[in-house]
Amino acid sequence: MDQFMKRAVELALQNVNEGGQPFGAVLVKDNEIISEGVNELHKIHDVSGHAELLAIRRAQERFQTNELSGYTMYASGEPCPMCMTAMYFAGIEKVYFCQSVDDAVEVGLGKSTFIYEELKKQREERTLQMTQMKLLNGQENPMLQWKQN
């Protein structure tokens, strides 16, 4: 297990040296590295370009599956809410991380703490305004269509 975390930290350091953020991730199954990722926000200008998400995407594409149960994520930093949610959706069962969200805050990378706090609030109390709009009269319901299919 130590070699997988070592690799995640190496990826993070390499990414910093290339102008990126200090995050690397390694996705493992059966003691084998399946995919890797680093934060690529500085390269692809995509807020979802986080190390863990890229490792997940690469594994899912490689094996043509959305299901990653039995996989373990090794991340140089504690996963943000977006990455953690993706791991839940993918079925990843274990995550090991090296540096905490608090460590990230200390160096100026603190958006995760704000988002974690926002998610604890009721929808109406969050900074991001969200309003539900009902289907229009006569409009077909996509969820019912999906259920029927």
Side-chain angles (χ1 to χ4, degrees), residues 1-135 141-143 146-147:
M1 292 190 330
D2 287 346
Q3 75 267 24
F4 302 130
M5 185 58 75
K6 181 180 178 189
R7 178 63 182 153
V9 172
E10 287 171 354
L11 289 167
L13 288 167
Q14 180 181 356
N15 201 44
V16 169
N17 290 332
E18 295 174 0
Q21 293 180 335
F23 301 106
V26 176
L27 190 58
V28 174
K29 184 169 186 184
D30 298 329
N31 216 28
E32 177 186 341
I33 294 176
I34 302 301
S35 59
E36 301 177 334
V38 296
N39 273 37
E40 295 185 1
L41 284 72
H42 65 295
K43 293 180 182 178
I44 60 174
H45 307 288
D46 175 358
V47 296
S48 71
H50 287 202
E52 300 92 334
L53 286 179
L54 294 173
I56 289 168
R57 287 179 191 153
R58 289 172 181 146
Q60 289 178 328
E61 184 177 348
R62 177 178 171 188
F63 296 113
Q64 296 294 293
T65 184
N66 293 325
E67 178 60 38
L68 297 177
S69 58
Y71 289 71
T72 302
M73 182 70 73
Y74 292 83
S76 63
E78 185 174 356
C80 75
M82 176 176 59
C83 293
M84 191 173 66
T85 300
M87 289 184 241
Y88 275 109
F89 276 117
I92 293 171
E93 298 163 358
K94 291 183 185 175
V95 180
Y96 295 96
F97 64 92
C98 188
Q99 296 186 283
S100 70
V101 170
D102 292 335
D103 294 329
V105 168
E106 286 182 23
V107 298
L109 296 167
K111 281 190 178 179
S112 287
T113 55
F114 169 75
I115 296 168
Y116 277 120
E117 291 304 314
E118 283 284 294
L119 292 174
K120 292 178 186 176
K121 297 177 183 177
Q122 294 296 314
R123 185 184 308 139
E124 301 79 25
E125 298 171 350
R126 295 179 187 151
T127 303
L128 179 62
Q129 294 180 9
M130 296 177 61
T131 305
Q132 182 178 10
M133 296 176 68
K134 301 289 185 182
L135 293 170
N141 185 326
M143 290 194 182
W146 179 86
K147 184 179 179 181

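Counting begins at 1 with the first residue of the sequence.
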How far apart are the C-alpha atoms of Ser100 and Asp102, what are their side-chain angles, what is the distance that settles it, and do they pass the side chain to side chain donor-acceptor pair (under 3.5 Å) test? CA-CA 5 Å; Ser100 70; Asp102 292 335; 4.7 Å; no

Got a sec, which residues hit side chain to side chain donor-acceptor pair (under 3.5 Å) with Glu93, two or more places apart in sequence or on another chain? none

Is atom NZ of Lys121 surrounded by more than 12 heavy atoms (other residues, nucleotides or ligands) closer than 6.0 Å? yes

Phe89 atom CZ: more than 12 heavy-atom contacts under 6.0 Å: no

Taking the side chain as every heavy atom from C-beta outward, state whether [X] and [Y] have any pair of such atoms under 4.5 Å apart.
| X | Y | value |
| --- | --- | --- |
| Lys111 | Cys80 | no |
| Val9 | Gln14 | no |
| Gln132 | Lys134 | yes |

Might you point out which heavy atoms bring [X] and [Y] nearest each other, and give the distance in Å?
| X | Y | value |
| --- | --- | --- |
| Glu118 | Leu128 | OE1-N, 4.0 Å |
| Met82 | Val47 | CE-O, 3.3 Å |
| Ala25 | Leu11 | O-CD1, 3.7 Å |
| Gly70 | Lys29 | O-CG, 3.7 Å |
| Val28 | Val26 | CG2-CG1, 3.8 Å |
| Pro142 | Leu135 | CD-CD2, 4.3 Å |

Inter-residue atom distance [X].[atom1] - [Y].[atom2], 0.5 Å rounding:
| X | Y | atom1 | atom2 | value |
| --- | --- | --- | --- | --- |
| Glu52 | Phe97 | CD | CZ | 11.0 Å |
| Glu18 | Leu13 | CD | CG | 11.5 Å |
| Thr72 | Ile92 | OG1 | CD1 | 8.5 Å |
| Leu27 | Gln60 | CG | CD | 9.0 Å |
| Leu109 | Gln99 | CG | CD | 10.0 Å |
| Tyr74 | Met5 | OH | CE | 7.5 Å |

Between Ser69 and Glu67, do the side chains contain a donor N or O and an acceptor N or O under 3.5 Å apart? yes

Is there a side chain to side chain contact (heavy atoms under 4.5 Å, CB included) between Met73 and Ile56? Walk through the geometry before answering. CA-CA 9 Å; Met73 182 70 73; Ile56 289 168; 3.8 Å; yes

Would you confirm whether Ser76, through its side chain, and Gly24, through its main-chain N or O, come within 3.5 Å as a donor-acceptor pair?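 Yes, Ser76 side chain to Gly24 backbone: donor-acceptor pair under 3.5 Å.
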
May I ask you to decide if Glu32's main-chain N or O and Asp30's side chain share a donor-acceptor pair within less than 3.5 Å?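 No; zero donor-acceptor contacts below 3.5 Å.
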
Side chains of residues 33-42: which donor-acceptor pairs under 3.5 Å do they make with residues two or more places apart or in other chains?
from: Ser35; atom 1: OG; to: Ala55; atom 2: O; distance (Å): 2.6
from: Glu36; atom 1: OE1; to: Arg7; atom 2: NH2; distance (Å): 3.0
from: Glu36; atom 1: OE2; to: Arg7; atom 2: NE; distance (Å): 2.8
from: Asn39; atom 1: OD1; to: Ala51; atom 2: N; distance (Å): 2.8
from: Asn39; atom 1: ND2; to: Gln21; atom 2: OE1; distance (Å): 3.1
from: Glu40; atom 1: OE2; to: Arg58; atom 2: NH2; distance (Å): 3.2

Could you go step by step and tell me if Asn15 and Phe23 meet the side chain to side chain contact (heavy atoms under 4.5 Å, CB included) rule? CA-CA 7 Å; Asn15 201 44; Phe23 301 106; 6.0 Å; no

Applying side chain to side chain contact (heavy atoms under 4.5 Å, CB included), run through Glu10 and Lys6 and close with a yes or a no. CA-CA 6 Å; Glu10 287 171 354; Lys6 181 180 178 189; 3.3 Å; yes

Side chain to side chain contact (heavy atoms under 4.5 Å, CB included) between Arg57 and Leu54, intermediate numbers included: CA-CA 5 Å; Arg57 287 179 191 153; Leu54 294 173; 3.4 Å; yes

